[in-house]
Amino acid sequence: MTITCDQLLEKHSLAWQQATVHPFLTQCQSGTIQPPQFSTWLMQDYLFVVELTRFVARVLANAPTHHFDILLSGLSALKDELIWFKAKAEERQLNLSAEPQATCSQYCEYLELVASRPYAVQATTLWAIELAYNQGWQLPGTMPQPYAEFANRWGNQDFTEYVKLLEQLADEVLSTADEKIQGQAESAFLEIASLEKDFWSMAMAII
Ligand code: MP5
């Protein structure tokens, strides 16, 4: 028996729902999120994405060569995303050299840990991280500006396709992984679900 990404979503649907359906996102959709809450998320997410970039580079270093194309396209998108984050912060006069909050640091530390796990665990983790934002920003439906720009960044069709490709990479390596590694991949999926939920809550908690 091998697990697949789809089965992880089905088996842990409640944990996944908590990661992707959150008052932060529904309040962006209704336009009622408080600007300081949104700014907190923006600054902390920039700090997270810096560490995620390092993580993806480490996943690439472990990947079989036929996975390079997809992972390199992800890294190339991260280059643009980091520039975009800086522009969004500048528009709001935010200081991106702020310190990471504990929740953000915890998530970044978890990425460090997964970077020492087998590639099948890393591929599953990367897929879960990207799916969380793809679904999270898509599910509430059309958002008003300025939030529409953010919803579109992670909810657009090209990003959805990228996440599907990441799922294929993970499924491929999970299909030949032994039970221990599959168990680690399942634990990583649950850990990501929990860290994603906490990340939204962190931004809401400042008011
Ligand atoms: C992502 C993100 C998506 N930006 N922040 C968190 C907390 N989780 C997932 O990653 P990316 O690289 O922005 O698509």
Side-chain angles (χ1 to χ4, degrees), residues 5 8-9 15-25 28 33 37-60 70-89 94 96 98 100-115 122-140 143 147 149-167 169-170 188-206:
C5 292
L8 288 173
L9 288 169
W16 194 248
Q17 195 195 353
Q18 289 171 346
T20 52
V21 179
H22 193 279
F24 180 91
L25 292 161
C28 285
I33 191 86
Q37 294 174 318
F38 193 76
S39 295
T40 298
W41 166 78
L42 183 58
M43 283 192 289
Q44 295 296 316
D45 210 47
Y46 169 76
L47 298 175
F48 171 78
V49 171
V50 168
E51 296 311 314
L52 181 64
T53 304
R54 297 187 207 282
F55 175 72
V56 179
R58 294 167 87 173
V59 176
L60 175 74
I70 296 166
L71 295 172
L72 283 169
S73 76
L75 274 172
S76 162
L78 279 164
K79 171 181 177 279
D80 293 339
E81 185 167 306
L82 289 167
I83 294 168
W84 174 79
F85 261 112
K86 283 190 186 151
K88 295 301 112 188
L94 303 176
L96 286 182
Q101 292 194 19
T103 303
C104 179
S105 296
Q106 261 169 25
Y107 203 159
C108 296
E109 278 160 26
Y110 187 69
L111 294 182
E112 278 275 324
L113 182 83
V114 175
Q122 298 179 351
T124 308
T125 302
L126 179 58
W127 158 73
I129 292 170
E130 300 294 20
L131 183 69
Y133 262 40
N134 181 228
Q135 293 189 341
W137 284 102
Q138 231 170 34
L139 286 171
M143 294 195 185
Y147 312 113
E149 183 181 353
F150 292 80
N152 186 49
R153 166 155 284 275
W154 288 285
N156 75 68
Q157 200 47 42
D158 283 352
F159 191 73
T160 305
E161 289 304 318
Y162 170 62
V163 178
K164 282 193 188 135
L165 292 171
L166 290 179
E167 177 176 346
L169 302 191
F189 175 80
L190 282 170
E191 192 65 37
I192 294 303
S194 166
L195 289 162
E196 287 289 338
K197 173 172 69 69
D198 291 350
F199 207 93
W200 300 126
S201 300
M202 166 190 68
M204 301 295 286
I206 63 141

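The residues of the chain are indexed from 1 along the displayed sequence. Atoms within a ligand are numbered from 1 in the order they appear, just like the ligands themselves.
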### Message
Out of Ile192, Leu195, Val56, Asp45, who is nearest to atom 7 (C) of ligand 1 when you count heavy atoms only?
### Response
Asp45

### Message
Could you tell me, atom by atom, which parts of ligand 1 come under 4.0 Å of a heavy atom of Val49?
### Response
4 (N), 13 (O)

## Note on the structure
In ligand 1, the atoms that come under 4.0 Å of a heavy atom of Leu78 are 12 (O)

### Side-chain donor-acceptor pair present, Thr40, Gln101, cut-off under 3.5 Å
no

### Query
Got a donor-acceptor contact below 3.5 angstrom from the Trp41 side chain to the Trp200 backbone?
no

### Message
Which of the numbered atoms in ligand 1 are under 4.0 angstrom from any heavy atom belonging to Leu52?
### Response
10 (O), 11 (P), 12 (O)

### Query
In terms of atom number and element, which parts of ligand 1 are under 4.0 angstrom from non-hydrogen atoms of Ile129?
9 (C)

### Task
Could you tell me whether Arg58 and Glu112 have a side-chain N and a carboxylate O separated by less than 4.0 Å?
yes

### Query
Hey, does the side chain of Ser76 reach the backbone of Leu72 with a donor-acceptor pair shorter than 3.5 angstrom?
no

### Task
Check whether any N or O atom of Tyr107, backbone or side chain, sits under 3.5 Å from an N or O atom of ligand 1, and answer yes or no.
no

#### Entry: side chain to side chain contact (heavy atoms under 4.5 Å, CB included) partners for Val21, two or more places apart
Gln17, Leu139

### Query
Starting from atom 10 (O) of ligand 1, which protein heavy atom do you reach first, and at what distance in Å?
Glu130 OE1, 3.0 Å

### salt bridge (charged side-chain N to carboxylate O under 4.0 Å, His left out) against Glu51, all qualifying residues, sequence neighbours excluded
Arg54

### Summary
Min over Trp200, Tyr133, Trp154 of heavy-atom distance to atom 2 (C) of ligand 1 lands on Tyr133

## Note on the structure
dist Asn134:CG -> Lys164:NZ (nearest 0.5 Å) comes out at 8.5 Å

### Distance filter under 4.0 Å to Phe159 heavy atoms, resulting ligand 1 atoms
14 (O)

### Query
If you measure only the distance, is there a donor-acceptor pair under 3.5 Å linking the side chains of Glu196 and Tyr133?
no

### Message
Could you identify the single nearest non-hydrogen protein atom to atom 8 (N) of ligand 1 and state the distance to 0.1 Å?
### Response
Glu196 OE2, 2.6 Å

### Query
How far is atom 13 (O) of ligand 1 from its nearest protein heavy atom, and which residue and atom is that?
Glu81 OE2, 2.3 Å

